[in-house]
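No experiment lies behind these values; they were computed from the predicted model shown.
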Amino acid sequence: MFTKRQNKPAPEINIQPTASEPEIIAKTAKIEEQVTTATVSEEKTNTVISRDVIFEGNITSNEQVHIYGKVIGNITGKNNSVKVMLNGQVIGNITCNDLVVNGRVEGECLSDSINIENNGEIHGTIHYSNLSIKKGGILSGQAKVKNTASHADKVTLLKDKIKHDIPTVNEDKGIA
């Protein structure tokens, strides 16, 4: 019924290394460096204020900011975009490169591009280069175009150039 085990010798495994240990360590380190570099360079960070969150304080970010909840404070960033989503609310000033409002903003908005969506509301002063308001969107306050002085200077320079380029009647006829 019971049989006694027989001790069989273990098979011998003979592994011949193809690379020396320092070469393996160097290759492993190089691969780890490549993976770490790719991860850091491709990683983008977004700031998200969730639907049920009330955030009190200022936000400074150079990446995208998405507001689903409520922010009481200023949002500031260079070369970033701020999106106030449906039911999102900001009570404070927003300074960014691109602003999309589909919720409610109460405060001053300074942005190159401002898009007020169907459910969006801005109550306050806006400073913009490009403005888009979709049907149903609300702007209550003042709207000021950024860099109006530079546009006026260009028009004046163009007028002066046209005056100098157009020959007068006396010059055409050879009369001095």
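- Separation of atoms CG (D98) and OG (S111) is listed at 6.0 Å; rounding is to 0.5 Å.
- C109 places a side-chain heavy atom less than 4.5 Å from the side chain of I122.
- In this structure, S61 and V65 approach most closely via the heavy-atom pair CB-CG2, 3.9 Å.
- Taking each heavy atom of H127 and T125 in turn, the nearest pair found is NE2-CG2, 3.7 Å.
- The hydrophobic cluster containing V145 also contains L99, counting ILVMFWY residues as joined when their side-chain heavy atoms lie under 4.5 angstrom apart, directly or transitively.
- Put simply, NZ on K144 and CD1 on I126 are 11.0 Å apart, with the number rounded to the nearest 0.5 Å.
- Hydrophobic clustering (side-chain heavy atoms under 4.5 Å, transitive across Ile, Leu, Val, Met, Phe, Trp, Tyr) keeps L86 apart from V82.
- At a threshold of 4.5 Å between non-hydrogen side-chain atoms, the residues D112 and Y128 do not count as touching.
- Looking at E117 and V100, their side chains come closer than 4.5 Å, going by heavy atoms from C-beta outward.
- Hydrophobic clustering, defined by side-chain heavy atoms of Ile, Leu, Val, Met, Phe, Trp and Tyr closer than 4.5 Å, groups Y68 together with V48, M85.
- Formation of a donor-acceptor pair under 3.5 Å by the N74 side chain with backbone atoms of N58 is not found in this model.
- Atoms CZ and CD1, from R104 and I67 in turn, are 15.5 Å apart once rounded to the nearest 0.5 Å.
- Between the CG atom in N119 and the NZ atom in K134 there is a gap of 10.5 Å [rounded to 0.5 Å].
- In this structure, CD1 in I138 is found 6.0 Å from NE2 in H123, a value given to the nearest 0.5 Å.
- At least one side-chain heavy atom of I91 sits under 4.5 Å from a side-chain heavy atom of K70.
- When side chains are defined from C-beta on, N80 does not count as touching E63, because their heavy atoms never get closer than 4.5 Å.
- Proximity of V71 to I59: side-chain heavy atoms (C-beta onward) are separated by under 4.5 Å at one or more points.
- To the nearest 0.5 Å, the span separating CG on L139 from CD1 on I133 amounts to 5.0 Å.
- Counting heavy atoms from C-beta on, the side chains of V84 and Q89 never come closer than 4.5 Å.
- Put simply, the side chain of V105 reaches to within 4.5 Å of the side chain of I94, judged on heavy atoms.
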